[in-house]
Amino acid sequence: MESEYIIEMLNIRKEFPGIVANDDITLQLRRGEIHALLGENGAGKSTLMSVLFGLYQPEKGVIKKNGEVVKINNPNDATALKIGMVHQHFKLVEVFTVLDNIILGAEDTKLGFLQKKAARAKVEALSQKYGLNVDLDAKVEDISVGMQQRTEILKMLYRDNEILIFDEPTAVLTPQEIDELMEIMRGFAKEGKSILFITHKLNEIMAVSDRVTVLRKGRYVGTVNTKDTNKQELSNMMVGRPVQLQVQKGEAHPGETVLDVQGLVVPSKVHKNNAVKGVSFQAHAGEILCIAGIDGNGQSELVYGITGLEKASAGKVSLCGVDISKATIRRRSDAGMSHIPEDRHKHGLVLDDTLENNLVLQTFRQDRFQTMGFIKRDAVRSYAEKIIDQYDVRSGQGPITIARSMSGGNQQKAIIGREIDRENPLIIAVQPTRGLDVGAIEYIHAQLVAQRDAGKAVLLVSLELDEVMNLSDRILVMYEGEIVGELDPKKTTVAELGLYMAGAKRDK
Amino acid sequence: MKQKSPLLQREGAKTVLSSILSILIGLVFGSILVLIVAFSSESISPKGGLEGVSLVFLGLFSTGRDAAGELAFGFNPTSIGNMLFRAIPLLMTGLSVAVANKTGLFNIGAPGQYLMGTWASLTVALSIPTSVVPSWIVWTLALLAGMLAGAIWGAIPGFLKATRNINEVLACIMTNWIAANLVTFLFDISDLKNGAEAGKVGYIKPTAANGVATAKLGLDKLLPQSQVNAGILVAILIAIGIYILMNKTTLGYELKACGSNRHAARYAGINDKRNIVLSMAIAGSMAGAGAALYWLSGNTEFFWSTYQSLPAVGFNGIPVALLAANSPIGVIFTAIFMSLLNICGTQLKNLTAFNEYITDIIIAAIVYLSSFSLIIKMWLSSRGKKKTAEPAPAPAAAGEKTGKENGK
């Protein structure tokens, strides 16, 4: 007799020293359904998947396939059970061709020689059938991220997997590519394959999934049918309290120009071409100006050029009317620039230092924190306590907590508190909510809007379309190092924004 | 008010405890080694083995053998004085390595910096006639010259690291050997070689020849018949100075920020390149000062033909710093401890049938095990965590809005 569920994870419990990562979690995947697994960072999604893959052994609970208890001791067992996974960070050999990557680990050989002909035919048939367009002979390093993802999907299909797990698959895709992926996933479900879809994006869950299982802080919250629920309910389940999904903000009242960028050119670190090719724009007081675009189109380098982390090879940057094109990072910062960096671990924090030291990373030389080169520890301590209190930074030991031990959301709150408290006319926020959960995102958005209303110019760089559309007052789209369009979020659609981001459309 | 955490959970206490534990493990291991050698060697009786063990632990207080031929223990001023004297260069090279480590750099160039410091300080101390300049001024100038030479020699790998991103370990090894050859050459063409005394071929004159010697400040009365002088006090003062520099000043804050995350430091407007050069220069000046304090004692004689070898005291700064967990204050104690091991080894060699090689092996084993202090510290931490795991969720639950447990 065939069971209703193809895979069941029943009452799974997994502990790590000092923490229960999965506490009595049940996940039942029906044959031919798209099942979303929803939860904030640290909710236990990855641990649960690692248990399914045999990377961890659960302390309690059983895994059943087709109603029979199975023991998954290592990833090979998972593969034998026809479970496949597309990881968030692709596992591809960059210098191999697409075909080589697909057959890697499952090669046919004859007398020790590779037999690629049959493999090629099979892969071609699969890619035809599901509309997975790839160039089998291209090297992975030369193809787009979307095609790399399709390569990963073909890898699963080539191994005849029945259970397909997608871990945050849309993070790197354009809106159009996301639509394509959704279509492909629906096709799989129709074919009878079962899909586990790990995400924290509610739009996608509503669009594609049949059922949703929600986890919170390692515990099972519930499983609901997608058609019986809505985004608000799901996010409340995920966070455990009512959440404000829409950014609350009034009309913007743009004032004078704060940041003026003229013809900025920034060389790339990875290739010979310039990453930023003559970009010009102004950011005004009292507005949130968003730089939108797919990752890797020069947004990061643009910010490096403005903040001085990278030397611009041409162009002019003025802050409040002062030319800072040649100024050092410190002088730019002192001239009135706050910077919430893209990579909070690389640039934002000295992870092995205390929270209080991190909160004075730029300001420790000011007279309020030092006399004659000696740091006033008491002043630093009370300042840190003020920021921690004001910005609700939660940590184990307060000011003396080592930054590394804090959660991502609280690390980001500390950075945001530090940067906002410097009261600079310009705040550059690069992906300020990346990797954060709904609660923290809500808080950070509110802070940025408050700064706008206080008359600061906020330059926001974001890859999240929701954030771009909801938070910004004006959108500049960057494509291949150039600004290809200026949009008003009130008058544009996500689809149009997507066309600009993909380079299919540009302002004349 | 802030509540103080229990003693054993404080970071500093854990560090000290782990260092002490690893020293004990090292000593026990050394003792086992001594016993194995004793039981497997025909020339050493089991009693000799036990005597060896007692010297491993109590060598500092050994006063030789009494009339009955038994080991005697008691206050031995010579041993204690010599221990303090020999700790001086170790303390300084330990500081050198610790400062660099604190700023994220591995200074394996202390031997070269030490040699350059030796040359500079001896040259100044022996070349400025004390008939013209008061000898204490010559002494001070010689110390400063040693520090400067070490600083320059340290700054070279720092500069290459900062501007060309050349691994400082590679550059340090190169500069070590350049220093070994350069110093030999510079002494060879100098007139500082000791040609006057018989049996002193290949040595540089002791600085006492020019009337320059580190003051004793009465320490020699306290610990008679030993080499002790005020150099140990100078070294301790420098260590305290480094502690203040690293922990209390904006410069130390910048150096440490650069060391633990160069990118974040740059982001915050700190000049990361300048700070890398500076921290290697400070590290180098410590090694240079160590050389100066040792050779300016007045009666130490430098064997100048060093081109084939590097001074071990330079490398020994590494375990001294490791064992002290890079704490400048801790270095004072670990340097003295390393020096104590040396004294124990000497006593073992002099008083028992164990030869000098076995004592070297024991010292090496102890030093090797001392590097386990980090592992022991991790073990202590994980034990501490388990014990506090129960009450911990209470404060976390109080702020449940977005507060999450650390980890996944």
Side-chain angles (χ1 to χ4, degrees), chain A residues 16-21 40-47 217-218 239-241 307-309 328-334 339 341 343 345-353 357-358 360-362 364-365 369-370 373-375 377 392 394 396-398 405-410 413 437 439-440 443, chain B residues 1-5 9-11 102-104 244-274 378 381-393 395-408:
Chain A
F16 294 108
I19 189 161
V20 181
E40 298 189 297
N41 295 307
K45 294 172 295 184
S46 311
T47 308
K217 292 184 179 160
V239 183
R241 68 180 167 90
T307 56
L309 278 170
T328 60
I329 299 171
R330 175 168 276 156
R331 278 203 35 226
R332 291 178 199 226
S333 169
D334 291 345
H339 177 194
D343 190 333
H345 289 169
K346 185 179 175 192
H347 287 123
L349 294 168
V350 180
L351 284 174
D352 291 320
D353 208 344
N357 277 349
N358 271 295
V360 294
L361 200 56
Q362 295 102 334
F364 67 97
R365 293 157 66 95
F369 295 132
Q370 59 110 2
F374 283 84
I375 292 177
R377 287 258 72 112
D392 190 30
R394 302 218 168 110
Q397 297 158 280
S405 70
M406 293 161 55
S407 73
N410 283 305
K413 277 185 186 173
D437 49 57
Y443 178 84
Chain B
M1 273 319 291
K2 287 160 236 109
Q3 75 280 22
K4 286 258 174 188
S5 50
Q9 276 164 36
R10 267 185 251 157
E11 208 54 21
K102 280 240 172 199
T103 58
I244 292 171
L245 175 78
M246 295 306 285
N247 292 296
K248 306 282 179 201
T249 68
T250 51
L251 177 63
Y253 176 80
E254 280 197 19
L255 291 174
K256 283 196 290 187
C258 276
S260 15
N261 187 344
R262 187 177 170 181
H263 301 286
R266 226 171 88 72
Y267 151 85
I270 295 168
N271 187 339
D272 57 332
K273 288 181 179 159
R274 187 199 70 149
M378 272 153 60
S381 298
S382 69
R383 269 197 45 187
K385 252 189 210 139
K386 256 184 202 157
K387 278 193 181 158
T388 53
E390 295 313 314
E400 266 222 325
K401 268 175 153 182
T402 53
K404 279 181 300 177
E405 316 286 345
N406 37 357
K408 299 217 166 173

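Here is the naming used below: chain letters follow the sequence lines, and residue numbers restart at 1 for every chain. Note that the structure is a prediction, hence the values are computed from the model and not measured.
Within the 3.5 Å criterion, the main-chain N or O of A:Lys346 finds a donor-acceptor partner in the side chain of B:Asn261.
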Please assess A:Asp343 against B:Tyr267 for the test side-chain contact (heavy atoms from CB on, under 4.5 Å), listing each intermediate value before the final yes or no. CA-CA 11 Å; A:Asp343 190 333; B:Tyr267 151 85; over 6 Å; no
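Taking non-hydrogen atoms and a 4.5 Å limit, the residue list of residues 253-260 of chain B in contact with chain A, ordered by number, reads B:Tyr253, B:Glu254, B:Ala257, B:Ser260.
Looking at B:Ile244, only its side chain comes within 4.5 Å of chain A, counting heavy atoms on both sides. When heavy atoms are compared at a cutoff of 4.5 Å, B:Asn271 does not approach chain A at all.
In this structure, NE2 on B:His263 lies 14.0 Å from NE2 on A:His345, to the nearest 0.5 angstrom. Distance CD1/A:Ile375 to CG/B:Leu251: 9.5 Å, rounded to 0.5 Å. The CZ atom of A:Phe374 sits 11.5 Å away from atom CG of B:Asn247, with the distance rounded to the nearest 0.5 Å.
Chosen from A:Gln362, A:Arg377, A:Arg332, A:Arg331, the residue pairing most often with chain B at heavy-atom distances under 4.5 Å is A:Gln362. Contact count against chain B (heavy-atom pairs under 4.5 Å) is highest for A:Gly373 among A:Gly373, A:Gly348, A:Gly240. Taking A:Asp353, A:Leu349, A:Leu351, A:Asp352 one by one and counting their heavy-atom pairs under 4.5 Å with chain B, the maximum is reached by A:Leu349.
Between A:Leu361 and B:Ala264, the shortest heavy-atom contact is CD2-O, 4.0 Å. A:Ile329 and B:Arg266 make their closest contact through CD1-O, 3.2 Å (heavy atoms, listed as atom of the first residue, atom of the second, distance).
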